[in-house]
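The structure appears right after this line, and notes come after that.
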Amino acid sequence: MIKLREQLIVHDKNHKKFFSPFQKLKQPIDVIFAIFMKNIEKMIQPKSHILVIFGASGDLTKRKLIPALYDLFQQKRLPEQFAVLGVSRTDLSDTDFRKRVSEFLPKNEDVSDFINMLYYEAVNTGNATDFPRLKIRLKTLRQELNIDDNYIFYLSTPPLLYEVIPASLAQVGLNKSDAGFRRLIVEKPFGTDLESALDLNKKLLLYFDEDQLYRIDHYLGKETVQNLLVTRFANAFLEPLWNRNYIHHVEITSAESLGVEKRGGYYDKSGALRDMVQNHLLQLVGLIAMEPPVTIGADAIRDEILKVFKSLSHITEENVTDHVIRGQYTESKIRGNQVKGYREEEGVPADSRTETFVAMKFFIDNWRWGGVPFYIRTGKHLPTRATEVVIRFKQSPHHLFHTNENVTSSENLLVIRIQPDEGIMMKFGMKVPGAGFSVQNVGMDFHYSDLTHDRLPTAYERLLLDCMQGDATLYSRGDAVEAAWEFVQPIINAWKNDDSIPVYGYPAGTWGPEVAQNMIEGDGIEWRYPCKNLTASDDYCEL
Ligand code: BG6
């Protein structure tokens, strides 16, 4: 903006500054600039609306949604006429609600202006007869605060209510309107298998149109995930290499150092395949493998992601063991601390076969990717927390040099780090100074922290703002969610129907079952084992 400001400045004879396009107005620069900024802000400011959060006394609201709204408020990205109405069963007044959520806001800042935008209504969301009262409260709030007839409904509730709440909203006419917008944000899980996902989509579409539905996959809200699009499509030098001719394989690792913590009850019914692969990791695959979209618009991008999902070569129930490995963490000592095994966790049955680790190999059957293996793995209680995409390029066709590790070719890798230490690193061979032609693998890296000193916006901050602005690009579309379930369903079936498929144990704090470590095919090629820092080498790896 500063640059733009400088470009617009011309000096008059008295060296008083003016904006050139506005010279005739003879206004001092700062006045014009303020008007200009105000208009830009107005253009990108979402329309006045009420955000209704169902499940307002829950964890997600306190930990993620309210802090994200506060950050938006601080950046002046919320509309001037705006309110949040928290809804849940617990009997609370507006003041009680404000007090509760303020615990999750910065203690050393004056949050009162923000807090005063929050209201609360106790509603038994499972009970349709409570909804007329909700409608009246919304109308009163709108009138009192002069808010337009626009609503976003956020379902931050147990999934059982995903069908009930939309039906109850429809019953009181809060689902559609010609006077303003009605949007519905749904949190994952979008079903627990293909059948329930199809059913959920069908039911949601009874009351809301697809373009009113915003299915959150918080991975898509991560700045670095969006950067996958920019890395690929803003740089002409990468795209010619981005295919089966040059890429040996693609690897995605999403490692978590924590176990299931207090979520054993939920997790045991889900497992890593449903919890991480069906949604977050397949979305990453979609962005890595997609064709260039026609525009950066919601439909253009989501059409391309859908095409990738439709081209996934389906693993069948019969060949699951050739493609997928599941594991479960067992009791262990991590850095001197005794850690429970998964089956000892609260809410987990002692004979549970739920996977806390998955590694899989699959192909994408299309022109660009035919024959290129994609490997993905994710797990709880792995040695570190890191999510990254690794593109391993094929070796040079003629090995002229020897690396100092005495292998014949250098490593050509592109590592895209999603978190932490967000950035990108390229690895390739360089000549070791001195006699001969020894080659050493070196890294060239870029870190997000070099580009901006500002903190990166959180995923929820970005996604909430997008929904307020009516931009669904970073939300999952129903057809893609269904296609992703179609892909994982045979794996779910095989694991359910065939007890002989092993659940491999791995000691908490290790890189998963040993069998998964040898999964990647190719001479001397193995997974990249990420460290806390993107550029860590084999000699130094902080976890
Ligand atoms: C959630 C899963 O969707 O994603 C959690 O339910 C997982 O089990 C989390 O821990 C990982 O998200 P992030 O942003 O920490 O990588």
Side-chain angles (χ1 to χ4, degrees), residues 55 58-65 67-68 71 154-159 162 185-192 197 214-228 252-287 326-329 342 345-348 352 354-358 376-389 416-423 448 455-464 474-476 481 484-485 488 508 512 530 532 534 543:
D59 231 35
L60 182 77
T61 306
K62 288 181 289 196
R63 288 185 194 285
K64 301 281 185 196
L65 304 184
D71 287 332
Y154 196 121
L155 302 189
S156 167
T157 62
Y162 289 180
I185 305 185
V186 190
E187 267 288 335
K188 85 171 230 284
F190 314 122
T192 51
Y214 290 73
R215 296 176 193 80
I216 278 215
D217 184 311
H218 80 277
Y219 262 58
L220 290 178
K222 290 181 193 277
E223 197 60 41
T224 40
V225 172
Q226 293 152 39
N227 191 41
L228 279 170
I252 302 176
T253 294
S254 182
E256 293 187 76
S257 49
L258 294 178
V260 294
E261 306 291 291
K262 299 262 172 272
R263 297 165 74 222
Y266 149 77
Y267 194 87
D268 200 62
K269 293 190 193 68
S270 168
L273 185 69
R274 290 180 171 97
D275 190 48
M276 290 294 291
V277 176
Q278 186 276 337
N279 36 66
H280 308 324
L281 298 194
L282 285 182
Q283 287 293 343
L284 290 181
V285 171
L287 295 174
R326 59 176 164 170
Q328 196 182 73
Y329 62 81
Y342 176 68
E345 298 278 15
E346 199 184 309
V348 175
S352 170
T354 299
E355 75 289 355
T356 60
F357 175 95
V358 182
I376 57 186
R377 69 179 166 168
T378 180
K380 301 268 185 205
H381 261 328
L382 300 190
T384 190
R385 174 175 182 260
T387 300
E388 63 179 31
V389 176
I416 304 172
R417 182 58 88 98
I418 308 293
Q419 63 190 21
D421 194 15
E422 292 82 359
Y448 256 81
R455 64 174 186 93
L456 297 179
T458 65
Y460 278 97
E461 203 176 315
R462 168 70 199 250
L463 291 172
L464 276 170
L474 300 176
Y475 285 84
S476 313
V481 170
W485 276 116
V488 298
K532 185 170 161 198
L534 170 63
L543 294 173

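Computed over heavy atoms, backbone and side chain alike; hydrogens, waters and symmetry mates excluded. First listed ligand is number 1; within each ligand, the first listed atom is number 1. Not measured: the values here are computed from a predicted model.
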Taking only residues two or more places apart in sequence, or in another chain, which ones meet Tyr475 in a ring-ring contact (aromatic ring centres under 6.0 Å, His included)? Tyr214
Other residues, nucleotides and ligands only: do more than 12 of their heavy atoms fall within 6.0 Å of NZ on Lys532? no
Those residues at least two apart in sequence (or on a different chain) that pass salt bridge (Lys or Arg N to Asp or Glu O under 4.0 Å) with Arg385 are none
Listed by chain and number, what are the ring-ring contact (aromatic ring centres under 6.0 Å, His included) partners of Tyr329, not counting sequence neighbours? Tyr342, His381
Taking Thr61 for its side chain and Gly55 for its backbone only, find out whether a donor-acceptor pair lies under 3.5 Å. yes
Ion pair check, Arg63 and Asp59, cut-off under 4.0 Å: yes
So if I only count non-hydrogen atoms and take anything under 4.0 Å from ligand 1, which residues does that give, chain by chain? Lys188, His218, Tyr219, Lys222, Glu256, Arg263, Asp275, Met276, His280, Lys380, Arg385, Gln419
